[in-house]
Amino acid sequence: MTTHFVPDNLPSHLQHYIGGKFVDSLAGETFEVLDPVSNQTYATAAAGQTEDVDLAVAAARDAFVNGPWPKMKPRERSRVLHKIADIIESRDDELALLESFDSGLPIKQAKGQARRAAENFRFFADLVVAQHDTALKVPGSQLNYVNRKPIGVAALITPWNVPFMQESWKLAPAIATGNTVVMKPASYTPLSAALWPEIFEEAGLPEGVFNLVFGSGGVAGDYLVKHPDVPIVSFTGDSSTGATISTAAAPQFKSLSLELGGKSPAIVFADADVEAALDATVFGVFSLNGERCTAGSRVLVQREIYDDFVARFAERAKNIVVGLPSDPATEVGSLVHPNHFDKVMSYIEIGKSEGRLLAGGGRAEGFPTGNYVAPTVFADVAPDARIFQEEIFGPVVAITPFDTDEEALALANNTKYGLAAYVWTNDLKRAHNFAHAIESGMVWLNSNNVRDLRTPFGGVKASGLGREGGYRSIDFYTTQQSVQITLNDAHTPKFGVQSSRETGDA
Ligand code: NDP
């Protein structure tokens with residue numbers, strides 16, 4: 001094992017960014033940030049309290065009401081967003097190094113995510129320029145049109161699994177449409193979030209449009225969600241947190257987008273291109289350390305090919321390169337935090353009595369410290385098993401056999417989640433019929449998780465509420481006011497006029 005890599009010039013303290021200034025919490029509160037390889041504190045971060053959130057919301061509100069951003073032409077905003085994308089692209093190596101160091105993601109995959117973050121800005125920069133709305137005419141009598149407007153201060157609350165990319169996924173459409181934002185990133189991984197202020201300043205984003213508050217979800221996050229000057233909340237994270245946020249936002253009827261957990265099935269029929277299915281299902285559950293909301297963490301395999309498929313899957317899992325996140329050869333790195341490591345390990349222990357252990361089953365060999373989990377494969381897992389039903393969010397897969405299409409569908413739909421699904425078959429009719437019957441927000445047919453940014457992203461059941469992606473993000477971050485004008489004399493019944501009553505005009 002090569003030695004632990006620590007990036008140069010690592011900050012030892014991270015501050016909030018409010019109204020264009022780096023500041024500490026008013027009360028001076030901080031929390032410690034660990035790196036997942038040494039599990040040692042490498043920095044402190046300001047821990048936002050309610051008064052810090054008040055300041056951030058006030059700065060964002062001021063920028064929305066008095067600043068230039070919401071009133072700028074889409075092309076002008078688009079130019080700033082393209083500059084943001086350029087800057088991210090030009091710094092993707094540095095960004096990936098910091099992200100990998102803070103989150104434990106393999107460096108190669110962190111780099112891919114950095115590029116995706118740039119693409120999110122480029123995509124929404126283009127989309128707001130192309131955006132158009134409908135005008136409807138009733139010939140000779142009425143014209144109606146849509147006046148689309150930014151809404152105000154958006155609260156963006158993000159998770160730790162691919163932090164910078166997740167943040168870009170919310171930031172880009174929120175600001176492209178003219179809103180101002182307060183972002184509260186996940187406390188396990190604040191490092192890459194601290195890069196945004198410099199990127200935005202360099203790109204020329206006006207002061208106050210972007211505000212950043214670090215701090216605990218239960219304190220800063222909760223207060224931000226309930227803040228009366230915050231009309232929009234976009235949240236990605238755990239389903240139970242999503243339920244709490246939903247309840248907190250409800251009394252004020254806030255616009256809410258919830259992207260939550262998953263336990264997505266990958267269904268492999270005997271007629272599939274088995275080699276391609278094997279590549280994709282192994283990658284689908286073990287990439288990003290298995291800390292992926294759309295991970296295909298339940299693999300359902302048709303009986304005819306089951307034994308062979310399972311044996312080959314397990315062989316692949318055993319050969320996966322677990323290693324230092326900074327090593328380009330690493331395929332699975334270190335899980336984000338010791339608490340999460342403990343959670344994943346406890347599921348592995350549960351799995352030992354629920355399935356047949358074929359690979360992994362504990363700490364990765366050769367890694368006595370750090371949050372390294374060996375890619376773990378359980379076969380013959382029954383549908384009522386906890387490892388079949390519950391999101392583990394780590395490199396652990398449950399494999400289950402099926403005989404018929406009906407059985408496969410019942411198994412696929414047999415969890416509270418409904419985020420993604422992957423279907424492998426060479427039968428076109430089966431592929432589409434099966435896809436339509438699956439209870440999930442997204443389905444990939446004969447494909448690994450490759451996303452076109454124009455498509456809707458989101459889940460059903462406990463996997464979320466609302467859709468973002470393409471113009472759906474534009475819809476979420478804007479309000480559509482309908483304006484109508486009469487082109488002729490207004491035909492209004494004359495209430496309170498005696499003569500009209502007599503003629504029956506009303
Ligand atoms: P959490 O729900 O624990 O946290 C997500 C964010 O919410 C963090 O910033 C957290 O702050 C904050 N938060 C926690 N409690 C509250 C609260 N009461 N009010 C407001 N904010 C709060 O999720 P994780 O960070 O553990 O992320 C993992 C989860 O995210 C997994 O379940 C995964 O499936 C899901 N996920 C879903 C995706 C999707 O698109 N569907 C994509 C990626 C992940 P703090 O960090 O301080 O606790």
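All ligand and atom numbering here is 1-based and tracks the order in the structure. Below, all heavy atoms of this structure are taken into account, side chains as well, without hydrogens, waters or symmetry copies. These numbers come from a predicted model, not from an experiment.
Any N or O atom pair closer than 3.5 Å counts here, and Thr241 shares at least one such pair with ligand 1. Considering backbone and side-chain atoms together, Leu419 places no N or O closer than 3.5 Å to any N or O of ligand 1. The distance criterion of under 3.5 Å between nitrogen or oxygen atoms is met by Trp160 with respect to ligand 1. Distances between N or O atoms of Glu391 and those of ligand 1 include at least one value under 3.5 Å. Close N/O approach between Thr244 and ligand 1 is not found [any backbone or side-chain N/O within under 3.5 Å]. Looking at Gln166 next to ligand 1, no N or O pair under 3.5 Å apart turns up. The shortest N or O to N or O distance between Lys184 and ligand 1 is below 3.5 Å.
The cationic atom of Arg298 (NZ for Lys, CZ for Arg) lies less than 6.0 Å from the six-membered ring centre of Phe388 and within 45° of the ring axis.
For Gly459, the heavy-atom gap to ligand 1 stays at 4.0 angstrom or more.
Side chain of Lys254 to backbone of His227: a donor-acceptor contact under 3.5 angstrom is found.
Aromatic ring centres of Phe101 and Tyr42 lie closer together than 6.0 Å.
Remark: minimum distance from atom 28 (C) of ligand 1 to any protein heavy atom is reached at Phe393 CE2, 3.6 Å.
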